[in-house]
Structure formats: C-alpha cells, structure tokens
Amino acid sequence: MEQPDVFYDGSEYIETASGNKVSRSCVLCGSRNIVLNGKCIVQSDCIVRGDLANINLGRLCVVGKRSVITPPFKKLLGGGAFYPLQIGDNVFVGEDTVISAVQVGSYVYIGNNCVIGQSCVLKDCCKIEDNTVLPPETVVPSFAIFAGSPGTMVGELPESTQDIMSEATRSFYQHFKKL
C-alpha cells in the first residue's frame, strides 16, 4: 500500500546535511549527546533527554509527535546513574509514546500512546501495539508482538519483518514533504 504524502511547514523543521528533519518545537536537552545517524524525523513537541546520558538513533528512524525519549536510570548503592540509550535503524515510534529502554533494536515498530519502561530491551524485528505498557526490564524477543497493560506477547511477526519495516520507514521519509 502506498504511503500518503505528509506535508510540513518548511519553517517548522530544521533539515541537516545528513537528511535529518527535526521540528523546531521539539526539546533536545543536551543536544551534543544526541546522535541522529541520518534521515531521521523527529516530529513536533517531542522531548529527547540527551543531558542525562547519550542517545543514539540509527538511520531512517521516525519519532512521532509528543513522544518522550529518556535514557534509563538504575539505582546503585551510592545513588544512581543514567545509562546510554541505543535505538537501531528503521525504527518507528508512534505519537504520545514514552521510551526509557536500554536498547531498541532495528526494524522495530512502537505504536501510539505506549510506555516502554526503565531498562527494557526490544530486540530486532518486534512490534509493540498501540496503548501498550511494558514493565521495567522487560525483554521483547525478535519477531514478537506485545500488547496490553502490562505488555505480554500476543503474536509473532513474519520473517519478512525486516524488509517490511525498511520499506515502511523509507516510504515515510520519502513522503514527508515540505509544503
């Protein structure tokens, strides 16, 4: 199915030399600790907390409107520490989603209005359905579909998930156009 064109106001987004498109209305705390590896889209009113620890987004990632990405926090004997967050290539994050995972693999779909708890690990090629809440330290295996609150495995994805997500994120990027 062909992705419909999504138009945005050119003055609302900053486009980098590597093709990243970042909304001027999003909040990038500690921007020198945030790495966008190319052709990423960060939509309006997002918050990315690079001031706490490094955040690395792979190529062709899409972060939906009003989403929050923070590195995970772990309590230690003498207090606590934030750990880096690694997000792989071809990842789609829906609107109004909060992510505090330690790792999000490549070719992952995270739906709208989800909460990915502290120190979760999402392996490559998995899907988190809309309105899912993953408890802290949940590990989502490859090719799994998680849904519900708390999130549990409800199905499996086909082996072609990598190709499907590559095409979906590439198509979204190509159809995200200036007015």
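Just so it is clear, the model here is predicted, and its values are computed rather than measured. Counting begins at 1 with the first residue of the sequence.
Side-chain N or O atoms of Asp51 include none that pairs as donor or acceptor with a backbone N or O of Gly30 at under 3.5 Å. A donor-acceptor contact shorter than 3.5 Å is absent between the side chain of Ser67 and the backbone of Val98. Formation of a donor-acceptor pair under 3.5 Å by the Ser171 side chain with backbone atoms of Ala168 is not found in this model. Of the possible polar contacts, one joining the Arg59 side chain to the Asn37 backbone as a donor-acceptor pair under 3.5 Å is found. Distance alone, capped at 3.5 Å, is enough to place a donor-acceptor pair between the Tyr173 side chain and the Gly19 backbone. At least one donor-acceptor pair closer than 3.5 Å links the side chain of Asn20 to the backbone N or O of Cys40. A donor-acceptor pair is defined here as one N or O able to donate and one able to accept, closer than 3.5 Å; no such pair exists between the side chain of Lys74 and the backbone of Ser119. Judged by distance alone, the side chain of Asp96 and the main-chain N or O of Asn112 form no donor-acceptor pair under 3.5 Å. When atom types are taken as modelled, the side chain of Ser166 and the backbone of Gln162 share a donor-acceptor pair closer than 3.5 angstrom. Within the 3.5 Å criterion, the main-chain N or O of Asp89 finds a donor-acceptor partner in the side chain of Ser106.
When side chains are defined from C-beta on, Leu134 does not count as touching Val115, because their heavy atoms never get closer than 4.5 Å.
Put simply, Leu122 and Met153 are part of the same group of oily side chains (I, L, V, M, F, W, Y) that touch within less than 4.5 Å, one to the next. Hydrophobic clustering (side-chain heavy atoms under 4.5 Å, transitive across Ile, Leu, Val, Met, Phe, Trp, Tyr) groups Phe92 together with Tyr107.
More than 12 heavy atoms of other residues, nucleotides or ligands sit less than 6.0 Å from atom NZ of Lys177. Within 6.0 Å of the CZ atom in Arg24, the count of heavy atoms belonging to other residues, nucleotides or ligands exceeds 12. No more than 12 heavy atoms of other residues, nucleotides or ligands shown are found within 6.0 angstrom of NZ on Lys39. Atom CD of Glu156 is surrounded by 12 or fewer heavy atoms from other residues, nucleotides or ligands within 6.0 Å.
In this structure, a donor-acceptor pair under 3.5 Å is present between the side chains of Glu12 and Ser23.
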(message) Using the rule given for side chain to side chain contact (heavy atoms under 4.5 Å, CB included), can you reason through Asn54 versus Val35, listing the C-alpha separation, both sets of side-chain angles and the distance that settles it, and then say yes or no?
(response) CA-CA 8 Å; Asn54 292 339; Val35 177; over 6 Å; no
